[in-house]
Structure formats: C-alpha cells, structure tokens
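Structure first, then comments.
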Amino acid sequence: MNEPLILGIETSCDETGVGIVRGSTLLADAVASSVEEHARFGGVVPEVASRAHVEAMIPTIQRACLDAGVSLRDVDAIAVTGGPGLVGALLIGTATAKALASALDIPLYAVNHLAGHVVVDELEHGPLPQIAVGMLVSGGHSSLLLIHDNAEDVTPLGATIDDAAGEAFDKIARVLGLPFPGGPWIDKSAMEGNRDAIIFPRGLTSSKDQLDHQYDFSFSGLKTAVARWITQQQAAGHAVSVPDVAASFQEAVVDVLMKKAIAACLDHGVEHLILGGGVAANSRLRVMAQERCDAAGIQLRVPSPKLCTDNGAMIAALGSKLVRQGIAPSPLNFPTLSVLPVSTVVLHQ
Ligand code: KG4
Ligand code: ZN
C-alpha cells in the first residue's frame with residue numbers, strides 16, 4: 001500500500017512554503033520569499049509579508065503539485081503551521097489549509113513550526129531517535145529542547161532571554177553595513193576573516209549563570225559589545241575589518257550555542273543532537289557542531305541548509321509523521337496562534 005501523501009503549508013514569517021511528502025520521502029519543496037520586499041526596512045514588515053503570502057499562496061501550491069507530479073485530489077491530508085509566528089501571515093496559510101481540507105474532505109493538522117524545524121531532518125536522515133536534544137536557532141527563536149518519543153513529547157530546557165540567534169546575526173549585519181537578512185552575509189564575510197581577531201563576550205556562561213540560566217542564551221550583550229568595539233576603533237582612527245568582526249562575532253555566537261547544546265546532551269545522557277532553524281545553515285556552526293559532537297561521542301543530525309530555513313517540507317514532514325502515528329487531526333475551527341508553546345506539537349482545539 002502507498003504511504004500517505006501529505007501537503008504542508010508554511011506562512012509563519014516571510015516565506016510562503018508548500019512541501020509535499022509521501023511517507024518520509026520528499027517530493028516537492030516550493031518556496032516563494034518576500035525577503036527582498038523587507039530588505040530596505042531592515043526587518044520583516046508583517047503587513048507586507050501577509051500581502052505577499054496572499055499573492056504567492058496559490059501559485060506556490062500549483063508549483064509544488066507540478067514538481068511532485070501529483071494533483072490536489074491525490075493528497076491524503078494537509079498540514080499547516082498553526083503557530084508560532086506573525087498572526088496575519090499565519091492566517092493566510094491556515095485559511096488556505098482549512099479551505100483545501102474542507103473542499104477535498106481530508107484531515108487537517110495544525111502543527112507547531114518549531115517541531116517542524118526538528119522533524120524535517122527525518123526526510124534526509126531517517127527516523128528520529130527515541131530521545132534527542134534539539135537546538136532550534138532561527139530569526140525568532142533560540143531554544144534547547146528535549147525530544148522524546150518521536151517528537152510526540154517536547155520539553156523545553158532553555159531559550160534566549162533576549163534576542164534570538166538569527167536576530168543577533170541580522171542586527172550585527174546591519175551595524176556592519178551588510179544587507180538583510182544578515183545571517184548568510186555574515187557567514188560569507190566571516191570566511192575571509194580571522195575568528196580570533198577579537199574576543200567578544202560569551203553570554204550566560206559564567207559560573208553564576210550556570211545555576212540560573214544553564215541552558216538559556218543571551219545575545220544582547222554581545223550585540224552591544226560589537227557595536228561599542230566598532231565605535232571605539234573608528235574614534236581612534238583605525239580601519240574596521242568587516243570580515244574580522246563578522247568572523248569573531250560568529251565565533252562567539254556559535255561557541256555559546258555549541259557549549260550549551262553539548263552540555264544539555266551530556267547532562268541528560270542523550271546521544272543525539274539535532275540542529276534546526278535558519279541559523280543551522282551557518283557554515284561555521286555546522287563545522288564546529290561536528291567537531292564538538294565527535295569529541296563528546298554525540299551523533300549529530302543537521303538538515304541540509306535549504307531545509308534549515310523556513311519551508312513547507314518541514315510542515316509536511318511533521319504532518320506525515322502524525323498521520324503515520326495515528327494522531328487525531330485538528331478540528332476545522334482551530335485557532336491561529338502567534339504564541340504557541342513548543343510543547344504543543346499539534347493543535348487539538
Ligand atoms: O528559520 P528561519 O528561516 O526563519 C525563522 O523562523 O525565523 O531563520 C531565519 C534566520 C535569519 O535571522 C537569518 O539571518 C538566519 O536565520 N540565517 C543565518 C544563515 N542563514 C539564515 N544565520 C547565520 N548563518 C547563516 N548561513
Ligand atoms: Zn523558522
């Protein structure tokens with residue numbers, strides 16, 4: 001018997017993503033991004049994102065069906081991001097998903113965007129381990145999670161207390177005169193720089209912080225330190241090397257992320273670490289994660305960069321998993337939630 005064909009819709013921020021999977025095989029991953037419309041504002045403008053989703057939604061669904069070689073009538077269930085995210089943007093996806101599920105008379109799963117960032121790894125690296133630590137690092141979130149039982153049970157271990165890791169990349173890029181979103185530009189610039197040129201602070205790593213914020217992150221102090229360092233250099237008439245600042249800043253972020261992720265694995269006796277979210281596309285994070293996991297005897301799982309940033313395949317992958325596990329679908333009147341705890345993997349009311 002054929003495995004279920006699932007269509008996933010993602011509209012939580014500025015990417016209109018439509019993915020199609022059969023079982024855990026990826027058939028299509030169509031993404032339309034409005035990022036260029038936000039660039040001149042230096043951040044995502046929610047109303048602009050919502051309007052772009054309205055325009056991109058149907059063409060992106062059509063493109064995904066074409067790529068996968070399927071028709072909407074073949075789809076067995078729809079999955080959609082129910083939260084967290086920008087509420088106006090989410091509503092375009094949830095309204096579309098409700099209309100499709102009702103017209104096609106098929107089950108609908110409203111799922112958690114964050115769980116999608118972790119479960120997408122199954123499309124490339126096979127079933128999730130029974131227990132794993134997940135580190136989710138994106139423009140809106142930086143969290144360490146304990147993931148049990150195939151992502152049915154997700155417990156937060158820690159999160160950022162101020163900026164998300166991606167937000168820190170975006171803000172520092174702006175200070176350095178690099179375009180938005182800054183993560184990929186810092187990554188690129190850092191390749192030409194010296195990561196040991198400047199030792200920037202590692203937030204929440206002091207011994208006192210180990211007690212109060214063992215698995216939490218803070219990037220706002222780092223952001224201030226970088227801005228202050230640049231101002232001081234300029235005031236002293238010294239040239240500022242953008243690649244050196246980018247590389248040193250990136251090293252500080254990645255070092256803290258990996259220290260805490262490895263500690264979470266070791267403290268909980270967990271042998272698998274899964275990275276997800278846009279910042280997991282960072283080349284230095286991917287290299288350091290592999291080195292430190294190898295040294296600690298931890299198995300690392302990281303999706304390919306395209307599946308780390310927001311996409312519909314991750315939502316389809318999570319929907320497919322829920323269908324195969326026999327989990328009940330969401331009611332058609334589920335709410336769209338800008339804030340959704342990471343422990344709620346699927347909305348049941
Ligand atoms: O997961 P994502 O696409 O959207 C959210 O859910 O937020 O993550 C977007 C974030 C942005 O802040 C972007 O600058 C960052 O991920 N990002 C990166 C890289 N690629 C994307 N940060 C560092 N290095 C990268 N290569
Ligand atoms: Zn995301």
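Counting convention: from 1, in listed order, for ligands and their atoms alike.
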Quiz item: Counting only heavy atoms, which portion of His141 has something under 4.0 Å from ligand 1: side chain, backbone, both, or neither?
Solution: neither
Quiz prompt | Heteroatom distance test (Gly183, ligand 1): nitrogen or oxygen, under 3.5 angstrom | solution = yes
Exercise. For the pair Ser34 and Glu36, evaluate side-chain hydrogen bond (donor to acceptor under 3.5 Å, both in side chains) and give the outcome as yes or no after the intermediate values.
Key: CA-CA 6 Å; Ser34 62; Glu36 280 170 17; over 6 Å; no
Quiz item: For Leu257 and Met135, which heavy atoms make the closest approach, and how far apart are they?
Solution: O-SD, 3.5 Å
Self-check item: Those atoms of ligand 1 less than 4.0 Å from some heavy atom in Gly140
Solution: 7 (O)
Quiz prompt | Aromatic ring proximity His348/Tyr109, centre distance under 6.0 Å | solution = no
Quiz item: Side chains of His213 and Asp209: do they bring a donor and an acceptor to under 3.5 Å?
Solution: no
Exercise. Check each atom of ligand 1 against the heavy atoms of Ser138 and keep those under 4.0 Å away; list them by number with element.
Key: 1 (O), 5 (C), 6 (O), 7 (O), 8 (O)
Quiz prompt | Gly166 neighbourhood, listing ligand 1 atoms whose heavy-atom distance to it stays under 4.0 Å | solution = 12 (O)
Practice problem: For His113 and ligand 1, answer yes if some heavy atom of the residue is under 4.0 Å from a ligand atom, otherwise no. | Solution: yes
Practice problem: Could you verify whether a donor N or O on one side chain and an acceptor N or O on the other, from Asn112 and Thr344, lie under 3.5 Å apart? | Solution: no
Self-check item: Which residue and heavy atom of the protein sit nearest atom 4 (O) of ligand 1, plus the separation
Solution: Asp310 OD2, 3.0 Å
Quiz item: With a cut-off of under 6.0 Å to the ring centre and 45° to the axis, is Lys98 in cation-pi contact with Phe334?
Solution: yes
Practice problem: Would you check if the Zn ion (ligand 2) lies under 2.8 Å from any N, O or S atom of Cys13? | Solution: no
Practice problem: Check whether any N or O atom of Phe169, backbone or side chain, sits under 3.5 Å from an N or O atom of ligand 1, and answer yes or no. | Solution: no
Quiz item: Of all N, O or S atoms in Asp310, which has the smallest distance to the Zn ion (ligand 2)?
Solution: OD1
Exercise. May I ask you to decide if the ring planes of Phe217 and Phe219 are parallel, tilted or perpendicular, using 30° and 60° as cut-offs?
Key: parallel
Quiz item: Got a sec: is His117 within less than 2.8 Å of the Zn ion (ligand 2) via an N/O/S atom?
Solution: yes
Quiz item: Does any donor atom in the side chain of Thr309 or Glu15 lie under 3.5 Å from an acceptor atom in the other side chain?
Solution: no
Practice problem: Under 4.0 Å from a heavy atom of Gly139: give me the atoms of ligand 1 that qualify, with their elements. | Solution: 5 (C), 7 (O), 8 (O), 9 (C), 10 (C), 12 (O)
Quiz prompt | Which residue and heavy atom of the protein sit nearest atom 26 (N) of ligand 1, plus the separation | solution = Asp187 OD2, 2.9 Å
Quiz prompt | Close approach of Pro184 to ligand 1, heavy atoms, under 4.0 angstrom | solution = yes
Quiz item: Side-chain donor-acceptor pair under 3.5 Å between Arg228 and Thr224, yes or no?
Solution: no
Exercise. Compute whether any side-chain donor of one residue and acceptor of the other, for Gln250 and Ser248, lie under 3.5 angstrom apart.
Key: no
Exercise. May I ask which of Thr309, Asp170, Thr81 has a heavy atom nearer to atom 13 (C) of ligand 1 than the others do?
Key: Asp170
Quiz item: Does ligand 1 have any atom sitting under 4.0 Å from a heavy atom of His117?
Solution: yes
Exercise. Among all protein heavy atoms, pick out the one at the shortest distance from atom 24 (N) of ligand 1; state its residue, atom name and that distance to 0.1 Å.
Key: Asn282 ND2, 3.0 Å
Quiz item: Can you tell me if Thr94 and Thr336 form a side-chain donor-acceptor pair at under 3.5 Å?
Solution: yes
Quiz item: Heavy-atom distance to atom 1 (O) of ligand 1: which of Ala190, Gly278, Ser283 wins?
Solution: Gly278
